[in-house]
Protein chains: 2
Amino acid sequence: METLPDTASPLYEKVKDYVLGNIGSGRWPRNQKLPSENELVSALGVSRMTVHRALRELTSQGHLLRVQGVGTFVAPPKPQSTLIEVNNIANEIRARGNSHRAKVLVLETFAPEPQLVAAFEFPAAQPVFHSLLVHFENEVPVQLEERFVNPGLVPGYLDQNFEATTTYDYLQQSTPMTEVEHIISAIHADEETARHLAIETGEACLLLHRRTWSGAKVATVNRIIYVGSRYSLGSRYTPNAAGTHP
Amino acid sequence: METLPDTASPLYEKVKDYVLGNIGSGRWPRNQKLPSENELVSALGVSRMTVHRALRELTSQGHLLRVQGVGTFVAPPKPQSTLIEVNNIANEIRARGNSHRAKVLVLETFAPEPQLVAAFEFPAAQPVFHSLLVHFENEVPVQLEERFVNPGLVPGYLDQNFEATTTYDYLQQSTPMTEVEHIISAIHADEETARHLAIETGEACLLLHRRTWSGAKVATVNRIIYVGSRYSLGSRYTPNAAGTHP
DNA sequence: TAGTGGTCTAGACCACTAG
DNA sequence: TAGTGGTCTAGACCACTAT
């Protein structure tokens with residue numbers, strides 16, 4: 001009969017701590033088979049529902065693997081990765097207490113070049129919607145946002161006033177995304193970019209390439225350029241225990 | 001008496017679908033108070049434990065807010081954010097089928113300047129461990145990795161061979177992090193950086209500033225520089241339903 | 001067939017909040 | 001005090017796996 005710590009936490013939390021303790025101490029190494037639920041019931045003196053809840057939560061957090069009819073096992077450590085958050089720029093600027101303004105440079109229908117057709121995974125070339133905006137923080141340009149939008153998924157895109165509503169907010173509510181792809185790289189600003197952002201040609205910028213999916217279809221293809229010297233992407237993040245990804 | 005869908009899924013899943021359906025359809029708008037658990041028990045004809053499990057899981061997924069003694073409410077939509085994954089570079093290179101090599105340039109005890117003391121949140125200046133490595137992909141330098149390490153938390157840091165084991169792997173297993181802060185920006189390579197990475201001075205690079213915590217203490221402070229033209233941070237990510245973060 | 005985990009119930013007691 | 005959610009139990013039935 002094992003004993004559980006005498007703290008104020010609920011029983012299922014104590015059971016979780018008991019299991020995590022055995023994993024952390026090495027007593028139950030990776031892939032080790034755990035005692036069955038019924039064995040834990042006897043060993044710990046709690047009901048099976050309580051044991052089950054503890055093991056279920058640890059499983060969903062990536063600590064355990066369970067196979068019906070077989071047993072419960074210590075999960076192998078996941079390939080480690082950490083995450084960086086990318087927020088809506090308007091919210092981020094306002095959260096800092098600064099003023100945000102967006103200026104629409106382009107809002108049109110656009111005949112995409114082959115590379116863009118491929119990014120949309122279209123079988124053949126077809127027109128897409130195209131917008132180009134500059135975002136200002138306290139009237140200083142900080143971001144150039146270029147979006148290409150699938151007209152089949154977002155038919156009303158061209159009718160919006162994106163100086164009032166963020167493209168981001170509009171897309172979020174009109175076409176919820178189910179998947180996002182991000183690629184960040186560092187580039188030198190070309191002449192046009194530099195002009196829009198009021199920087200020198202060649203200045204270092206962050207380029208965030210983003211594609212979003214709605215179901216199986218690509219909804220948007222985006223190029224977002226941040227002025228390197230005026231903006232950075234930041235986040236503070238608490239990994240959950242097993243390094244699980246969402 | 002409401003009816004639940006006649007599918008093969010467990011009852012608590014049907015209850016979750018029922019609740020999500022009411023939220024999605026607008027019948028239960030944001031901040032709407034849900035029926036109490038006991039009311040749902042009567043309305044749906046299932047036990048309270050089943051209702052409770054459904055509501056608990058929806059709460060942990062960010063769809064609901066629950067306050068003991070008060071009730072259950074439809075959660076307001078979270079401030080949208082998406083996430084970018086940052087992987088261990090050695091794993092990433094090997095996952096692409098390329099060869100990875102690390103070269104240790106510096107591994108020493110170091111007297112930190114005031115800015116670094118502040119980053120560690122030390123009350124007074126004290127020595128830290130310092131390492132500087134270059135990572136090669138197919139013998140081309142792609143990353144310059146500079147780490148400052150809290151000796152109190154990682155006493156054995158200087159004794160490791162980081163050309164065999166990654167600093168990342170060693171730190172992960174010796175001092176599991178509980179929190180991570182990331183800041184990404186774009187910079188121009190200075191002379192020393194350019195020399196180590198075999199690029200031109202002034203070339204655009206990604207600078208990833210990372211601090212990790214172990215409990216309440218800062219464990220490491222890192223500057224990781226990627227060559228802009230040779231490397232980018234990428235990820236593909238499926239947001240979970242409510243835009244919850246992990 | 002025996003053992004595993006997955007679900008579900010009815011009932012109980014508790015802590016918390018509001019009136 | 002009445003109503004809420006939070007926890008816990010004992011017992012049941014089920015689907016799945018190995019032997």
Side-chain angles (χ1 to χ4, degrees), chain A residues 1-20 22-23 28 31-76 242, chain B residues 1-20 22-23 28 31-76 242:
Chain A
M1 175 75 170
E2 305 276 339
T3 57
L4 293 173
D6 186 18
T7 60
S9 57
L11 257 184
Y12 69 87
E13 287 291 348
K14 294 181 190 173
V15 175
K16 287 170 71 172
D17 289 343
Y18 169 78
V19 172
L20 288 177
N22 278 315
I23 294 175
W28 293 347
N31 294 327
Q32 166 86 30
K33 187 172 188 299
L34 266 68
S36 74
E37 294 193 353
N38 283 321
E39 287 168 341
L40 287 172
V41 165
S42 308
L44 303 176
V46 300
S47 80
R48 199 189 137 213
M49 276 297 280
T50 301
V51 168
H52 182 78
R53 174 168 177 183
L55 297 185
R56 173 159 43 82
E57 294 189 356
L58 290 176
T59 302
S60 81
Q61 285 166 25
H63 293 281
L64 301 176
L65 284 178
R66 318 195 75 188
V67 185
Q68 200 176 101
V70 181
T72 303
F73 305 84
V74 177
Chain B
M1 173 77 168
E2 305 275 341
T3 56
L4 293 174
D6 186 18
T7 60
S9 57
L11 256 182
Y12 68 87
E13 286 291 348
K14 295 181 191 173
V15 175
K16 287 169 71 174
D17 289 343
Y18 169 79
V19 172
L20 288 178
N22 278 316
I23 295 175
W28 293 349
N31 293 328
Q32 166 85 28
K33 187 171 188 298
L34 267 66
S36 74
E37 294 193 353
N38 282 322
E39 286 168 342
L40 288 172
V41 165
S42 309
L44 302 176
V46 299
S47 80
R48 198 187 141 216
M49 275 297 277
T50 302
V51 168
H52 181 77
R53 175 167 175 183
L55 298 184
R56 174 157 43 82
E57 294 188 358
L58 289 175
T59 302
S60 80
Q61 286 165 28
H63 294 279
L64 302 176
L65 284 178
R66 317 196 75 191
V67 185
Q68 203 178 101
V70 180
T72 304
F73 304 85
V74 177

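Order of the sequence lines sets the chain letters (A, B, ...), proteins ahead of strands, with each chain counted from 1.
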Atom-to-atom span, [atom1] of [X] to [atom2] of [N] - whole angstrom:
X        : N       : atom1 : atom2 : result
Leu55(B) : dT4(D)  : CG    : P     : 13 Å
Met49(A) : dA12(D) : CE    : C1'   : 12 Å
Lys33(B) : dT17(C) : NZ    : P     : 15 Å
Lys16(B) : dC8(C)  : NZ    : P     : 12 Å
Glu57(B) : dG6(D)  : CD    : P     : 13 Å
Glu37(A) : dA12(D) : CD    : P     : 17 Å
Phe73(B) : dA18(C) : CZ    : P     : 9 Å
Leu40(B) : dG3(D)  : CG    : C1'   : 15 Å

So, does Glu39(B) use its side chain to make a donor-acceptor pair with the main chain of Ser36(B) at under 3.5 Å?
yes

State the [atom1]-[atom2] distance between [X] and [Y], to the nearest 0.5 angstrom.
X        : Y        : atom1 : atom2 : answer
Thr72(B) : Leu65(B) : OG1   : CG    : 9.0 Å
Arg53(A) : Glu13(A) : CZ    : CD    : 7.5 Å
Leu58(A) : Ile23(A) : CG    : CD1   : 7.0 Å
Arg56(A) : Gln61(A) : CZ    : CD    : 11.5 Å
Leu40(A) : Leu55(A) : CG    : CG    : 6.0 Å
Thr59(A) : Glu57(A) : OG1   : CD    : 10.0 Å

Exercise. Could you check whether Arg56(A) gets within reach of a base, just the sugar-phosphate, or nothing at all, counting any heavy atom under 4.0 Å?
Key: nothing

If one requires at least 3 consecutive Watson-Crick or G-U pairs with distances under 3.5 Å, the stems of DNA chain D turn out to be C:1-18 with D:1-18

Does a nitrogen or oxygen in the side chain of [X] sit under 4.0 Å from OP1 or OP2 of [N]?
X        : N      : result
Arg53(A) : dC8(D) : no
Thr50(B) : dT7(C) : no
Ser36(B) : dT4(D) : yes
His52(A) : dG5(C) : no

side-chain contact (heavy atoms from CB on, under 4.5 Å) with Trp28(A): of Leu20(A), Val74(A), Leu64(A), only one passes, and it is Val74(A)

Below 3.5 Å between N/O atoms, which protein atoms pair up with nucleotides 15-17 of chain D? Just atom names and distances, please.
{"unit_1": "dA15(D)", "atom_1": "N3", "unit_2": "Gln68(A)", "atom_2": "OE1", "d": "2.9"}
{"unit_1": "dC16(D)", "atom_1": "O4'", "unit_2": "Gln68(A)", "atom_2": "OE1", "d": "3.0"}

ask   = Does Glu37(B) come within less than 4.0 Å of Arg66(B), counting only side-chain N to carboxylate O?
value = yes

Between [options], spot the one nearest the side chain of [X], thanks.
X        : options                 : result
Arg48(A) : dG6(C), dC8(D), dG5(D)  : dG6(C)
Tyr12(B) : dT7(C), dT7(D), dA10(D) : dT7(C)
Leu11(B) : dG6(C), dT9(D), dC8(C)  : dC8(C)

Side chain to side chain contact (heavy atoms under 4.5 Å, CB included) filter on Val67(A), not counting sequence neighbours, yields Val70(A)

